[in-house]
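Working notes, structure below.
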2 protein chains.
Amino acid sequence: MVPSDYSIGDLARHTGIKVATIRYYETVGLMPPPPRTEGNQRRYGKGALDRLNFIAHARAFGFSMEAVRHLLTIAAHPEQPCEDIDALVAERLVEVEMKISGLTRLRDELSDLLHTHDGGVVRECRIIEALSDHSACPPGHKHHGLTAELATVGK
Amino acid sequence: MVPSDYSIGDLARHTGIKVATIRYYETVGLMPPPPRTEGNQRRYGKGALDRLNFIAHARAFGFSMEAVRHLLTIAAHPEQPCEDIDALVAERLVEVEMKISGLTRLRDELSDLLHTHDGGVVRECRIIEALSDHSACPPGHKHHGLTAELATVGK
DNA sequence: TATAGGACCTCTAGTCACCAGAGGTTCAAG
DNA sequence: CTTGAACCTCTGGTGACTAGAGGTCCTATA
């Protein structure tokens, strides 16, 4: 058919995105449903490849799928001014910076724990003590109201 | 009944963990099922409160529930040596450090993008260009094989 | 002691961003 | 024409919860 058509596996190889994920992107509307062969297999054109690459890059920058959707909409209107993009990137930057500072504090706490640990029996273990005791709360844990931020950081 | 018994709401207030989460911890076996009133409501003792606090602290340090389970088992055997704890903490420290370095590279990329951005129309936007183009791949994105590490960083 | 309303109960389904596997069909190289 | 790799759909699972519906219980006050 049309110039350069790719199977879903070709797309996967070219973008580094798994076949199952490409199908998933279709079900959630990030990728449009492509034409099919007579035997019901997907055939993509160059446009789909570019779009998927765009998505891959945006995801690698850590944008949520919601943000990616937004970016795609913006990219589809080349004559519009691009303030929204600026805002999206700035927002993402703030998120990343907050995460870094939370994790940095956490790292210091953990390394402190490790270094004051001399390896006796559990009864005298400073780490277990710290976990049992309120006086050595990790950063961000305000005793009443564990921050969602740090609680999910471990993922 | 027994000295100091708490409702599930009391436990929540004392630990900062939500009621729904406490029930969830029970279904997954992190918290033992407590005795009930005649009207089928949960009543906890001091031991349960301590255990839940321990869990809250460990989670705040970013340990996975699997790791928390492990820590609880260890804490229950006070006469054993505590090498395993050391390993668990060290492992967690490495995870956190890796995450920090990934995010730091990401932050630099994002801030670079923001600073070379002069705010014209979308057609000439450097950010959209970067997302469309392979030559400006974000850190960790190896073009063929997006690292799972960075792809999930956006959470 | 009656009652109001907050706290509790169970159960289901949703979140995010996919991934794995079962069971079956199609495509393309030799 | 055969073979086997790649494709198809559908279901269910991941981690760590959270929200809400629809109903029951507990307790402080009048």
Side-chain angles (χ1 to χ4, degrees), chain A residues 1 5-31 33-44 52 55-56 58-70 92 95 99 145-155, chain B residues 1 5-31 33-44 52 55-56 58-70 92 95 99 145-155:
Chain A
M1 20 180 75
D5 63 13
Y6 307 92
S7 72
I8 198 169
D10 293 337
L11 234 62
R13 268 182 296 284
H14 280 91
T15 59
I17 292 190
K18 295 198 175 153
V19 166
T21 305
I22 299 172
R23 283 197 279 252
Y24 166 72
Y25 284 166
E26 188 180 322
T27 69
V28 298
L30 263 194
M31 290 292 289
R36 305 278 186 131
T37 64
E38 277 184 35
N40 198 35
Q41 300 196 355
R42 291 168 180 83
R43 285 303 117 108
Y44 297 92
L52 191 54
I55 296 170
R59 293 285 303 127
F61 272 108
F63 288 99
S64 70
M65 292 189 56
E66 207 31 52
V68 172
R69 231 182 277 276
H70 201 152
R92 178 77 194 120
E95 274 172 39
K99 206 136 227 171
L146 189 58
T147 66
E149 181 60 26
L150 273 169
T152 59
V153 128
K155 204 296 170 51
Chain B
M1 18 181 74
D5 64 11
Y6 307 93
S7 71
I8 198 170
D10 293 337
L11 234 62
R13 266 183 298 283
H14 280 89
T15 59
I17 292 190
K18 296 197 176 153
V19 167
T21 305
I22 299 173
R23 283 197 279 250
Y24 166 72
Y25 285 166
E26 189 180 322
T27 70
V28 298
L30 263 193
M31 290 292 290
R36 307 277 186 130
T37 64
E38 276 185 36
N40 199 33
Q41 301 196 353
R42 291 168 179 83
R43 286 303 117 107
Y44 297 92
L52 192 54
I55 295 171
R59 294 285 303 128
F61 272 108
F63 288 98
S64 70
M65 292 187 54
E66 207 30 57
V68 173
R69 231 181 277 275
H70 200 151
R92 177 77 195 121
E95 275 172 38
K99 205 135 228 172
L146 189 58
T147 66
E149 182 59 26
L150 274 168
T152 58
V153 130
K155 204 302 173 56

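Just so we're clear, the structure is a prediction, and the values are computed from it rather than from any experiment.
- Looking only at distances, a side-chain donor or acceptor of A/Arg92 sits under 3.5 Å from a matching main-chain atom of A/Gly62.
- For the OP1/OP2 pair of C/dC27 and a distance below 4.0 Å, the side-chain nitrogens and oxygens of A/Arg43 include no atom meeting the criterion.
- The side chain of A/Tyr24 places no N or O atom within less than 4.0 Å of a non-bridging phosphate oxygen (OP1 or OP2) of C/dC16.
- One atom, CG of A/Asp5, and another, P of D/dC7, lie 13 Å apart when rounded to the nearest Å.
- The nearest heavy atom of DNA chain D to B/Gly39 and to B/Met65 marks one nucleotide each, and the one closer to the 5' end goes with B/Met65.
- Between D/dC26 and B/Arg42, no contact under 4.0 Å exists linking OP1 or OP2 to a side-chain N or O.
- The phosphate of C/dC18 has OP1 or OP2 within less than 4.0 Å of a side-chain N or O from A/Arg59.
- In this structure, B/Tyr25 does not reach the D/dA16 phosphate: none of its side-chain N or O atoms is under 4.0 Å from OP1 or OP2.
- When atom types are taken as modelled, the side chain of B/Arg43 and the backbone of B/Pro34 share no donor-acceptor pair closer than 3.5 angstrom.
- The distance between atom CE of B/Met31 and atom C1' of D/dC17, rounded to the nearest whole Å, is 16 Å.
- As rounded to whole Å, 9 Å separates atom P of C/dC27 from atom CG of A/Asn40.
- Spacing between atom CD of A/Glu26 and atom P of D/dC10 amounts to 12 Å, rounded to whole angstrom units.
- For B/Ser64, no side-chain nitrogen or oxygen approaches OP1 or OP2 of D/dG15 to under 4.0 Å.
- Judged by distance alone, with hydrogens and angles left aside, the side-chain atoms of B/Thr21 form no donor-acceptor pair with the main-chain N or O of B/Ile17 at under 3.5 Å.
- For B/Ile22 and C/dC9, the CD1 to P distance is 10 Å, given to the nearest whole Å.
- Residue B/Lys18 contributes atom NZ, which lies 15 Å from atom P of C/dC8 at whole-angstrom precision.
- Between A/Arg69 and A/Glu66, at least one side-chain nitrogen of the basic residue sits less than 4.0 Å from a carboxylate oxygen of the acidic one, meeting the salt-bridge criterion.
- Contact check, A/Ser7 against D/dA6: no side-chain N or O comes under 4.0 Å of OP1 or OP2.
- For the OP1/OP2 pair of D/dC8 and a distance below 4.0 Å, the side-chain nitrogens and oxygens of A/Arg23 include at least one atom meeting the criterion.
- Counting to the nearest Å, the C1' atom of D/dC17 and the CD atom of B/Glu66 are 16 Å from each other.
- Contact annotation: B/Arg69 does not reach the phosphate of D/dA16 (side-chain N/O to OP1 or OP2, under 4.0 Å).
- Distance from the side chain of B/Gln41 is smallest to D/dC26 among D/dT18, D/dC26, D/dC8.
- Contact annotation: A/Thr21 side-chain N/O to C/dC19 OP1/OP2 distance is under 4.0 Å.
- Salt bridge B/Glu26/B/Arg23: absent, no basic N to carboxylate O contact under 4.0 Å.
- When the P atom of C/dT25 is taken as reference, atom CD1 of A/Ile8 falls 19 Å away, rounded to whole Å.
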